[in-house]
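All values below come from the heavy atoms of this structure, side chains included, with hydrogens, waters and symmetry mates left out.
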Amino acid sequence: MKRYYLVSGLCLCLFMGIFSCIPEAPEHKTEKDASAIVLDEDSDIIWRNFSLGRISFDDKAPHSKGSRIFRRLIPDTEVYIRQLSRIVLHTLYERPEECIIPVHHLRFMLEDTEGVACKWGGNGEVAISCSTRHIEGLFKDDDAAKVYFEIRGVLLHELTHVYQQEPQGIGSYGTSREFRAFIEGMADAVRIANGGFHRGAYRPTGGSYMDGYLHAGYFFVWLRNYKDPEFLRKLNRSALEVVPWSFDGAVKYALGSEYHIDELWREYQRVMEEEK
């Protein structure tokens, strides 16, 4: 999530007891989702040659329980963020030669704050902050796999904000509901498309794609699954090609002039009801 996406010392021997039950990160496996986009060997090589700039890690709460949990689960933060960045880029773009926002320095931070995570910055200098309190709260059942799964999902969302295109001609995140719905919907769509939520979990019914986040995210992935396998990439590219941008203009760009966003949403809602 962006800057605006906020969700809702133990003694040493106790920490040692906690971490004795946490396996090393490679032993954790995230749930495989049938719709997940997985990099094949050729795609991985292509995106490995794409410059991700410098990635730095700044732990601002090194003595917190959440920080200790994170660093045990993700021992090499830079490598992990590079891996997830390539997955995000592959989801949003067909090839590295496209017009991709350059990132010269991505600063990843752990902070003792409320909320979950946020992204801010621009002009090649961006930052992502994750809450150690959120990580600690997730670990209340001593479920390290659950924490690892959530960290992966949150980072997929935040890294989408780093690399996604932004709509033009309709204001900004703070002034336009449509702008905000697109930005947050795309971030959750990338997370969903790559198995960042357990299958079907948190999928809302009702509401509107204008609510962004999961409402729009699951809708976008449904359009990818049932209308065009390239939909997410085309939707992202529409932010460059459709000016002034609109949801209806974007789906027409991605799927064809015969499609209308509200009709697609009604179709999606009917399918969701039938699947209950």
Side-chain angles (χ1 to χ4, degrees), residues 1-2 5-8 21-40 66 69-70 72-74 80-81 83-92 115-119 128 130-161 164 181 183-207 209 211-227 229 231-232 235 268-276:
M1 313 148 204
K2 282 207 167 184
Y5 179 19
L6 294 176
V7 183
S8 66
C21 69
I22 301 179
E24 296 297 331
E27 296 179 26
H28 292 291
K29 304 295 183 183
T30 57
E31 176 179 295
K32 295 295 183 183
D33 187 289
S35 66
I37 299 173
V38 180
L39 294 189
D40 58 33
I69 294 169
F70 179 93
R72 184 62 183 260
L73 292 175
I74 315 291
Y80 190 67
I81 289 178
Q83 291 172 344
L84 291 185
S85 294
R86 288 192 287 271
I87 291 173
V88 168
L89 285 163
H90 182 70
T91 309
L92 292 173
V116 176
C118 58
K119 171 266 177 183
I128 292 173
C130 284
S131 167
T132 56
R133 296 182 199 176
H134 179 61
I135 295 169
E136 179 179 347
L138 289 167
F139 194 64
K140 62 186 176 209
D141 299 321
D142 293 349
D143 190 344
K146 174 183 176 182
V147 179
Y148 185 82
F149 187 85
E150 171 70 0
I151 290 171
R152 179 180 182 272
V154 167
L155 286 176
L156 285 169
H157 182 112
E158 298 302 335
L159 287 166
T160 300
H161 288 324
Q164 70 186 139
I183 291 295
E184 299 297 354
M186 281 296 295
D188 267 358
V190 171
R191 178 174 178 174
I192 294 162
N194 290 287
F197 288 108
H198 291 291
R199 190 189 307 273
Y202 312 115
R203 185 178 69 188
T205 57
Y209 55 87
D211 294 327
Y213 292 105
L214 291 172
H215 283 86
Y218 273 106
F219 178 44
F220 295 164
V221 172
W222 179 80
L223 289 170
R224 184 205 70 170
N225 291 344
Y226 294 99
K227 301 299 181 181
F231 180 78
L232 293 182
L235 184 62
Y268 167 70
Q269 290 296 307
R270 287 195 299 271
V271 172
M272 295 305 101
E273 285 296 322
E274 292 170 359
E275 291 184 356
K276 279 185 177 181

With rounding to the nearest 0.5 angstrom, report the [atom1] to [atom2] distance, [X] to [Y].
{"X": "Phe220", "Y": "His215", "atom1": "CZ", "atom2": "NE2", "result": "12.5 Å"}
{"X": "Ile192", "Y": "Arg224", "atom1": "CD1", "atom2": "CZ", "result": "10.0 Å"}
{"X": "Phe70", "Y": "His134", "atom1": "CZ", "atom2": "NE2", "result": "12.0 Å"}
{"X": "Leu159", "Y": "Arg86", "atom1": "CG", "atom2": "CZ", "result": "11.5 Å"}
{"X": "Leu138", "Y": "Ile69", "atom1": "CG", "atom2": "CD1", "result": "9.0 Å"}

Exercise. With distance as the sole test, does Gln269 use its side chain to make a donor-acceptor pair with the main-chain N or O of Thr205 at under 3.5 Å?
Worked result: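 Side chain of Gln269 to backbone of Thr205, a donor-acceptor pair under 3.5 Å: no, none is there.
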
Minimum side-chain heavy-atom gap [X]-[Y] below 4.5 Å:
{"X": "Arg191", "Y": "Val154", "result": "yes"}
{"X": "Ile74", "Y": "Tyr148", "result": "yes"}
{"X": "Val88", "Y": "Leu156", "result": "yes"}
{"X": "Lys119", "Y": "Thr160", "result": "no"}
{"X": "Lys146", "Y": "Phe139", "result": "no"}
{"X": "Glu136", "Y": "Thr132", "result": "no"}
{"X": "Tyr268", "Y": "Tyr226", "result": "no"}
{"X": "Ile151", "Y": "Leu155", "result": "yes"}

Problem set entry | Stepwise side-chain contact (heavy atoms from CB on, under 4.5 Å) test for His161 and Met186 | CA-CA 9 Å; His161 288 324; Met186 281 296 295; over 6 Å; no

For this session: Measure up the His157 and Tyr213 rings against each other and bin them: parallel (under 30°), tilted (30 to 60°), perpendicular (over 60°).
Result: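 His157 vs Tyr213 ring planes: parallel.
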
I need the minimum non-hydrogen distance between [X] and [Y], along with the two atoms involved.
{"X": "Ala144", "Y": "Leu73", "value": "O-CD1, 3.9 Å"}
{"X": "Cys130", "Y": "Ala117", "value": "SG-CB, 4.0 Å"}
{"X": "Ala216", "Y": "Gly185", "value": "CB-CA, 3.7 Å"}
{"X": "Ala189", "Y": "Leu232", "value": "CB-CD2, 4.0 Å"}

For this session: Return the set of residues passing salt bridge (Lys or Arg N to Asp or Glu O under 4.0 Å) with Arg133 (not counting sequence neighbours), or none when no residue passes.
Result: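 Here the qualifying residues are Asp112, Glu114.
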
Exercise. Can you name the salt bridge (Lys or Arg N to Asp or Glu O under 4.0 Å) partners of Glu274, sequence neighbours left out?
Worked result: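 So Glu274 forms no salt bridge (Lys or Arg N to Asp or Glu O under 4.0 Å) with any residue.
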
For this session: Evaluate the criterion side-chain contact (heavy atoms from CB on, under 4.5 Å) for residue pair Met272 and Tyr218; output intermediate values, then yes/no.
Result: CA-CA 10 Å; Met272 295 305 101; Tyr218 273 106; over 6 Å; no

Problem set entry | Test side-chain contact (heavy atoms from CB on, under 4.5 Å) applied to His198 and Phe149, step by step | CA-CA 9 Å; His198 291 291; Phe149 187 85; 3.6 Å; yes

